[in-house]
Number of protein chains: 2
Amino acid sequence: MDLISTLGLAAACFTTAAFVPQAYKTIKTKSTRGLSAGTYALFFLGTMLWLVYGIYIKDLPIILANSITASLAAIILYLILTIKPKPD
Amino acid sequence: MDLISTLGLAAACFTTAAFVPQAYKTIKTKSTRGLSAGTYALFFLGTMLWLVYGIYIKDLPIILANSITASLAAIILYLILTIKPKPD
């Protein structure tokens with residue numbers, strides 16, 4: 001694999017894995033007060049569009065990365081919408 | 001512009017703009033308790049790698065989208081690291 005593909009793959013891995021700590025922290029602490037539902041709704045929509053885009057152009061890395069990221073964003077969004085933030 | 005490019009552009013806009021609500025909410029509420037520093041550190045690194053990748057392949061949309069997203073991720077990470085979360 002050449003340098004540029006390696007760079008793209010590393011970038012995809014980082015931006016995909018990035019949401020694992022947030023999903024883990026939110027599940028564990030049940031603390032959603034600081035989280036923005038708007039961010040995770042937009043991000044979920046965006047990654048779904050990337051998923052459709054990847055399917056259209058038959059690009060496996062884009063399909064894989066965005067199906068993982070969309071699932072993580074959906075989990076976090078679900079937690080934000082279902083967990084009642086503790087009062088201040 | 002054909003359908004596929006429009007799809008890619010829309011996806012990039014959504015996943016870029018997604019972090020504006022989180023940056024706005026964190027700046028306004030100064031509430032960072034539920035936020036994961038790990039997520040924003042990984043995401044910042046990932047978007048910086050995408051930025052280098054975009055420069056390498058001379059792809060303006062990738063450069064634009066990821067410089068905006070990296071800046072938003074950096075702002076949120078800075079706030080997480082500098083704002084002391086209120087005790088429970």
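By convention in this document, chain letters (A, B, ...) are assigned in the order of the sequence lines, proteins followed by strands, and residues within each chain are numbered from 1.
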Side chain, backbone, both or neither: which part of [X] has a heavy atom under 4.5 Å from chain B?
X       : result
A:Ala12 : both
A:Ile62 : neither
A:Tyr40 : side chain
A:Leu3  : side chain

| remark: Closest non-hydrogen atoms of A:Ile27 and A:Lys30, given as atom of the first, atom of the second and distance, are O-NZ, 2.7 Å
| How far apart are the closest heavy atoms of B:Ile80 and B:Ala37, and which atoms are they? | CG2-CB, 3.8 Å
Tell me, out of [options], who's got the most heavy-atom pairs with chain B below 4.5 Å.
options                            : result
A:Ile57, A:Leu7, A:Thr39           : A:Thr39
A:Tyr53, A:Phe44, A:Trp50, A:Tyr24 : A:Trp50
A:Gly34, A:Cys13, A:Gly46, A:Gly54 : A:Gly34
A:Gly8, A:Ala17, A:Ala10           : A:Gly8

| query | Are A:Ile4 and B:Met48 connected, step by step, through hydrophobic side chains (Ile, Leu, Val, Met, Phe, Trp, Tyr) whose heavy atoms are closer than 4.5 Å? | reply | no
| field | Shared hydrophobic cluster, A:Val20 / A:Ile76 (ILVMFWY, side-chain heavy atoms < 4.5 Å) | value | yes
Let me confirm one number: the [atom1]-[atom2] distance from [X] to [Y], rounded to the nearest 0.5 Å.
X       : Y       : atom1 : atom2 : answer
A:Ile55 : A:Leu60 : CD1   : CG    : 10.5 Å
A:Thr26 : A:Leu35 : OG1   : CG    : 5.0 Å
B:Thr47 : B:Leu42 : OG1   : CG    : 10.5 Å
B:Gln22 : B:Leu79 : CD    : CG    : 9.5 Å

| message | Parallel, tilted or perpendicular, judged at 30° and 60°: which one describes the rings of A:Phe43 and A:Phe19? | response | tilted
| request: Report yes if the side chains of B:Leu45 and B:Leu49 come closer than 4.5 Å at any heavy-atom pair, otherwise no. | output: no
| query | Do any of residues 63-75 of chain B come closer than 4.5 Å to chain A, heavy atom to heavy atom, and if so which ones, in number order? | reply | none
